[in-house]
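Computed from a predicted model, the values in this text were never measured in an experiment. In listed order, ligands and their atoms are each counted from 1. No hydrogens, no waters, no symmetry mates; every other heavy atom, side chains included, goes into these values.
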Amino acid sequence: MTKRYDELYERSLKDPEGFWGEQAQAIDWDQPWDRVLDDSDAPFYRWFAGGRLNTCYNAIDRHVAAGRGDQTALIWDSPVTGQKAQYTYSDLQDQVARLAGALRDLGVEAGDRVIVYMPMVPEAAMAMLACARIGAIHSVVFGGFAAPELAKRIDDATPRVILSASCGVEPSGVVDYKSLLDQAIELADHRVEQCLVLQRPTQPCTLVANRDHDWEAAVGAAAPAQCVSVDANHPLYILYTSGTTGRPKGIVRDHGGHAVALQWTLPNVYGVAPGEVMFTASDVGWVVGHSYIVYGPLINGSTTVLYEGKPIGTPDAGAFWRVVEETGAKALFTAPTALRAIKKEDPEGEGIAAHNIQSLRAFFLAGERSDPDSVRWAERTLGVPVLDHWWQTETGWAIAGYPFGVESLPVKIGAAGRPMPGYDVRALDEAGTDMPAGELGNIAIRLPLPPGTLLTLWGNRARHRDGYLSHYPGHYLTGDSGIIDTDGYVHIMSRIDDVINVAGHRLSTGGMEEVLSNHPEVVEAAVFGVKDDFKGQIPMGLVVVNSGFSGDESALVAELIQCVRDQIGPVAAFRHCAVVKRLPKTRSGKTLRGTLRSMANEEAWNMPATIDDPSVLDEVAAELERLRNR
Ligand code: COA
Ligand code: AMP
C-alpha cells in the first residue's frame, strides 16, 4: 500500500551514498564531490566533501540561464502596509547581485558573518541570497527578539556588517527595529563597524554617521557581484535557536547538503513543481522561513510568497485564503497556532468560502504538536489533505512527515507522519534500548543524519557533541519524546528539556529564569511551559524574593514581566508570574521543575521521593491555581 515510500525510505538507509548521490544530480555543481559521505571525523559527518557549488547560483542564476528569467520568483504581500510586489528571477538576480556588490564594497568577504535583523520585506530574502552569493555567512535574527538577545547573537557570530531596516509593522503598532539595533550594538562587546539600513516609508530612521549606510544608495552605487564557488561544507548560514540555557545555539548549515536536501523536498514532500507557487506563512527569522520562504522554492525554480501579515487581524481570518487565491498557491505551510487562530475567529470557515482556493493541493503544519480538532476542521473546510510534519532548526527539513509528492500515505491525526529519507528514527529508553512499538521514549536518530542537517554549532563543537551526540553514542538526540507506532508513524509528544514552544516560537525557559534571577530582589526563579489553547504553550514563572523585601508584590511581578519583554522580547509572551515563599526542591537542592510543570498543567504527578519538604507544594499549588485562572 505504501510501496513507493517504503522502497525509497529503505534504500536511503541501506545505501545513503547511492541515494543522496543521485539526488545531488538535481543541483548544479562547479566541481563534483570526492565522497558523498565523509565519515572520517565521525560522529561529525560531512556530505559531498570536495564538491564545490554556490547556493545562490542554484536558487537564482541557473534558472535565469535555463530560461526562467521572466517567471515570478518572489511575491511580496504585505497587508500591514497595504503593499504588494512581484520579482521575476531576472529581477532577483539583478537586485541580489547588486546587494552582494554593496556588501563587497563594505569589505565583506567569503567566510565573514553578516547579521540580518529585518522584518518580512523582500530585501530580507535578498540579503540572505546576497550573502550566499559571495560566500558570506548570514545569521538572521527574528524581529520579535529584544535588543539583549540580538546583542548575544552579535557577540557569538561577530559579524562584519549588520543588515537591518528602519522599522517593522505589527498589528499592535510599528516596531522600531533601528532603535533595537542601536541598543544591541551598544550592549554587545563585539564592535560592529558597518550597518546597511533599509528606510521604510512607514517610519524612516536616523542613520549613525560613519557606521550606517543607506540601503538604496549603497545598492544603487554597487556593481553586481558574481556567485563565488565555495566548498560543499562551507557554512551558508548560522541560525540561533533556544536550548536549555539563555545562551542560544548557533546551528550551522552548509551549502552542498542543504541544497540537495531542500531540492529533494519540494517535489517529494510538498508536491510543488518548478513554476508552481508555494506559500509558507512563517518568518524568515525561523528555520521554516529559511527553508521554505527562501531557499527551497527558489532552488526548485518555483515561486515563493513572502507574507508580511498575520493569519488573523490583517484584516481578518480570510487573509491566508486571499493570498492563496491571488497567487494560485499549490501548497500552504504554517504553524498549528495560526490554524487555531483562524478557526477561533472563523469557526464556520466563511473566509475560506469567500475565496477560490482551488489551486491548493495540500496544507502543511509544523512547529508544534497539531491538535486533532483543528486538523479535522481544516480537512473539512479546505477539502485538501492536512499534513503534519516534524522538524527542528537543527535538521533544516522534515524528519518525519507525509511525502505528498511520492505517494499519499494514510493520514493519522496525532502523528507527524513517517520518517523521511535518511532519518533512522528511534524511540529509546534511558539505556538506549528501542522501546516496543507504541511506547513512549526519547526520540533519537541513528547517525549519520541525512544531508542538510546541522554541520555543527558555531564556534562550539563541544556543545554540539555534548548536547546532541553523547547521550546515546551513535545517535543524535532530538530533545523530543514520542512514540513510534506499529505502522511506523512518529508521534511527537513533548520536549525532554526546558525548551517550550509559544505560538510556534521556540524559546528557552532557562533563558527566562536567568532574566528573572538577575533582578536584585529575586533570589531564585522557576519557569515552565503550561498548555494554552491558543498558543500551544505559554511560560509561567514562580519567583522567591529576598527575605527583606517589603515592597508591593504585584508591582514587582509587573516589573519582572516587563524585564522578560525587554530582555528576551515580546514573542516570549511572558505574562504569568507569582511570588512564592519557597520553590519545591530535592534534598540535594535541585528545583523540581518537572513536578511544577505537571501541577501547572493539571497532569497526574507523584510526590517525588527526593523532595525535601512536601509542605512547600501546598503553597505552590495555590499560586499555580490562581495563575491558571487569571
Ligand atoms: N517583529 C517584532 N515583533 C514581533 C514579531 C516580529 N517579527 N513577531 C511577533 N512580534 C511581537 C508581536 O507584535 C506581539 O507583541 P505584543 O505583545 O506587543 O502584542 C508578540 O511579539 C507576540 O506575537 P505573536 O507570537 O505573533 O502572538 P500574537 O498573539 O500577536 O499572534 C499568532 C498569534 C498565532 C497570530 C502568531 O503567533 C502567528 O502567526 N504564529 C505563527 C508563528 C510561526 O509562523 N512560527 C514559525 C514556525 S512554522
Ligand atoms: P524549531 O527548532 O523552532 O523548529 O522547534 C523544533 C521543536 O518544535 C521540535 O523539537 C518539537 O519539539 C517541536 N515541533 C516541531 N514540529 C512539530 C510537530 N509537527 N509535532 C510536534 N512537535 C513539533
All ring pair (Phe, Tyr, Trp, His ring centres under 6.0 Å) counterparts of Tyr307, not counting sequence neighbours: Phe279, Phe320
Side chains of Thr241 and Arg506, donor plus acceptor under 3.5 Å: yes
Near ligand 2 (heavy atom, under 4.0 angstrom), the protein residues are Val287, Gly367, Glu368, Arg369, Asp388, His389, Trp390, Trp391, Gln392, Thr393, Asp480, Ile492, Arg495, Asn501, Arg506
Using the rule side chain to side chain donor-acceptor pair (under 3.5 Å), only one of Tyr402, Tyr270, Trp397 pairs with His389; which is it? Tyr270
Filter on side chain to side chain donor-acceptor pair (under 3.5 Å), then keep only pairs touching residues 559-569, sequence neighbours left out; what's left? His519-Glu559, Gln562-Asp566
Answer yes or no on whether Lys249 is positioned over the face of Tyr240, meaning its NZ or CZ is under 6.0 Å from the six-membered ring centre and within 45° of the axis. no
If you measure only the distance, is there a donor-acceptor pair under 3.5 Å linking the side chains of Thr395 and Thr453? no
Can you confirm whether the side chains of Glu170 and Ser172 place a donor and an acceptor under 3.5 Å from each other? no
Would you kindly say whether Asp371 and Ser374 are connected by a side-chain donor-acceptor distance under 3.5 Å? yes
Does the side chain of Leu440 come within less than 4.5 Å of Ser481's, by heavy atoms? yes
I'd like the contact residues of ligand 1, where contact means a heavy atom below 4.0 Å. Phe142, Gly143, Gly144, Glu170, Ser172, Val175, Tyr177, Ala281, Ser282, Asp283, Trp286, Val288, Lys310, Pro311, Ala335, Thr337, Ala366, Ala503, Gly504, His505, Phe534, Lys535, Arg565, Pro570, Val571, Arg575
